[in-house]
Amino acid sequence: MYRGSLNLRVSHHGKTVTGSTPRKSTITRNPLKKIETICGIYLQASELAECGTQVYSTDEMTGIQALERKYPDKPVRPGSPALHEFEYIRHGTISLITFLRVADGRIQSPYLNSTRNEEDFCNAVGQLIAEDADKSYIIICDGLNTHKSEGLVKLVAQKCSITVDLGIKGKKGILESMKSRETFLMDESHRIRFVYTPKHSSWVNQIENWFGIINRKLLKKGSYKSVGEMAQSILNFIKQYNLTAKAFNWKYAG
């Protein structure tokens with residue numbers, strides 16, 4: 001397991017944070033080093049927030065089914081737990097893109113839609129950034145193609161006032177390939193940058209833990225007569241969750 005020490009210096013509003021994550025000139029393809037980098041960012045999230053840089057973990061929760069239980073659940077009785085009806089009526093699906101703020105565990109900028117594509121992810125990121133346009137952002141996500149898209153590159157370039165020629169997708173420049181777009185989106189000199197988890201490493205993405213929470217506490221128990229009813233239930237859950245949210249006690253350092 002890689003245990004080397006790499007230094008990060010993040011400057012914002014005259015303050016500097018030093019910690020364990022890659023230098024600006026280093027974009028590693030080594031999965032163990034990627035995990036170490038992400039863990040280092042998690043462990044510095046509170047300090048980074050004090051300096052004006054917010055760390056977020058994001059992903060999509062897709063195909064959430066609005067299921068209406070065909071018959072009422074049976075309540076708890078002496079010697080018997082509550083019983084959930086197994087027959088249900090389908091009322092459609094929805095996808096959720098949202099952002100977990102690592103420093104305090106709050107869920108920010110939930111984006112609900114029937115689709116989950118490049119435009120949806122760009123809209124969700126744009127909505128997040130619009131909430132506090134003066135902050136810097138480190139956004140941790142997986143390497144899905146929609147997380148390295150042409151639209152996302154253009155959004156970051158616009159929000160960071162980057163005026164260089166971005167090129168043409170599939171032909172030249174920053175937009176040429178997924179690899180060139182990834183390199184641009186990971187650039188530590190940008191006010192908004194992305195850090196990607198390695199393949200088969202969803203466990204290192206903190207938002208996945210929260211998806212487990214909402215699935216256990218809300219979605220598996222719910223009964224909804226429409227997608228709209230379920231969507232409102234999700235938003236209500238997030239609002240209530242944020243009242244007592246706490247940062248995950250992340251101890252793994254890579």
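Model, not experiment: these values are computed from the prediction.
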Steps toward side chain to side chain contact (heavy atoms under 4.5 Å, CB included) verdict (Ile139, Val195):
CA-CA 6 Å; Ile139 301 174; Val195 178; over 6 Å; no
Ignoring hydrogens and angles, tell me if any N or O in the side chain of Ser80 forms a donor-acceptor pair with the backbone of Val76 under 3.5 Å.
no
Are Asp142 and Ser202 packed together at the side-chain level, in the sense that at least one heavy-atom pair is separated by less than 4.5 angstrom?
no
Return the set of residues passing side-chain contact (heavy atoms from CB on, under 4.5 Å) with Ala245 (not counting sequence neighbours), or none when no residue passes.
Arg106, Tyr241, Asn242
Which heavy atom in Ile38 sits nearest to a heavy atom in Tyr196, and how many Å separate them?
CD1-O, 3.9 Å
Who passes ring pair (Phe, Tyr, Trp, His ring centres under 6.0 Å) against Phe99, sequence neighbours left out?
none
Tell me which donor-acceptor pairs under 3.5 Å the side chains of residues 225-232 have, and how far apart each pair is, sequence neighbours excluded?
| unit_1 | atom_1 | unit_2 | atom_2 | d |
| --- | --- | --- | --- | --- |
| Ser226 | OG | Glu229 | N | 3.0 |
| Glu229 | OE1 | Lys225 | N | 2.8 |
| Gln232 | NE2 | Asn236 | OD1 | 2.9 |

Can you name the closest pair of heavy atoms from Cys122 and Leu152 and give their distance?
SG-N, 3.3 Å
Passing option when Thr98 is tested against Leu128, Ile214, Ile107 for side chain to side chain contact (heavy atoms under 4.5 Å, CB included):
Ile107
Are Arg69 and Glu87 close enough that some pair of their side-chain heavy atoms sits under 4.5 Å apart?
no
Ring pair (Phe, Tyr, Trp, His ring centres under 6.0 Å) filter on Phe121, not counting sequence neighbours, yields His147
Just how far is it from atom CG of Leu100 to atom OG1 of Thr58, taken to the nearest 0.5 Å?
9.5 Å
Would you check if Val102 and Phe248 make a side-chain contact, meaning some heavy-atom pair closer than 4.5 Å?
no
Closest non-hydrogen atom pair, Ala133 against Arg191:
O-NH1, 2.9 Å
ILVMFWY cluster, Leu235 and Phe211 together (side-chain gap under 4.5 Å)
yes
Provide the full list of salt bridge (charged side-chain N to carboxylate O under 4.0 Å, His left out) pairs with a residue in residues 207-218, sequence neighbours left out, each pair given once.
none
Identify the two heavy atoms, one from Lys34 and one from Pro198, that lie closest to each other, and give their separation to 0.1 Å.
CB-CG, 3.7 Å
Residues at least two apart in sequence or cross-chain that pass side-chain contact (heavy atoms from CB on, under 4.5 Å) with Gln240, listed by chain then number, are Leu243
Can you list the residues that meet the side chain to side chain donor-acceptor pair (under 3.5 Å) rule with Arg116, with sequence neighbours excluded?
none
How long is the gap from NZ on Lys199 to OG on Ser201, to the nearest 0.5 Å?
11.0 Å
For Arg90, the side-chain contact (heavy atoms from CB on, under 4.5 Å) test, sequence neighbours excluded, returns Gln65, Leu67, Tyr88
Contact summary for Tyr252 and Leu43, nearest pair of heavy atoms
O-CD1, 4.4 Å
Establish whether Trp250 and Ile41 are linked, either directly or via other cluster members, by ILVMFWY side-chain heavy-atom contacts under 4.5 Å.
yes
CG (Asn145) and OG (Ser149) are apart, to the nearest 0.5 Å, by 8.5 Å
With side chains defined as the heavy atoms from C-beta onward, is the minimum distance between Asp104 and Lys246 less than 4.5 Å?
no
Do Tyr224 and Ile234 have side chains that approach each other closer than 4.5 Å (heavy atoms only, starting at C-beta)?
no
Any side-chain donor near an acceptor of the partner, Ser109 and Gln127, under 3.5 Å
yes
Show your reasoning for whether side chain to side chain contact (heavy atoms under 4.5 Å, CB included) applies to Arg193 and Met186.
CA-CA 5 Å; Arg193 69 180 179 95; Met186 291 181 68; 6.0 Å; no
Which residues satisfy the side chain to side chain donor-acceptor pair (under 3.5 Å) test with Ser57, sequence neighbours excluded?
Asn205
Any residue meeting side-chain contact (heavy atoms from CB on, under 4.5 Å) with Asn113, in chain and number order, not counting sequence neighbours
Tyr111, Thr115, Asp120
Do you know which two heavy atoms are closest between Gln54 and Tyr56, and how far apart they sit?
CB-CE1, 3.5 Å
Atom pair OG/NZ of Ser233 and Lys221 - distance to nearest 0.5 Å
12.5 Å
Contacts table for residues 156-176: side-chain donor-acceptor under 3.5 angstrom, sequence neighbours left out:
| unit_1 | atom_1 | unit_2 | atom_2 | d |
| --- | --- | --- | --- | --- |
| Asp165 | OD1 | Gly167 | N | 3.0 |

Answer whether the closest heavy-atom distance between the side chains of Glu60 and Thr146 falls below 4.5 Å.
yes
Under 4.5 Å between any side-chain heavy atoms of Ser136 and Ile192, yes or no?
no
Co-membership, hydrophobic cluster, residues Ile207 and Trp203, 4.5 Å side-chain
yes
Between atom CD of Glu118 and atom CG of Leu155, what is the distance when rounded to the nearest 0.5 Å?
11.0 Å
What pairs with Tyr42 under side chain to side chain donor-acceptor pair (under 3.5 Å), at least two apart in sequence or on another chain?
none
Test item: Ile97 and Asn123 side chains (from C-beta on) under 4.5 Å apart, heavy atoms
no
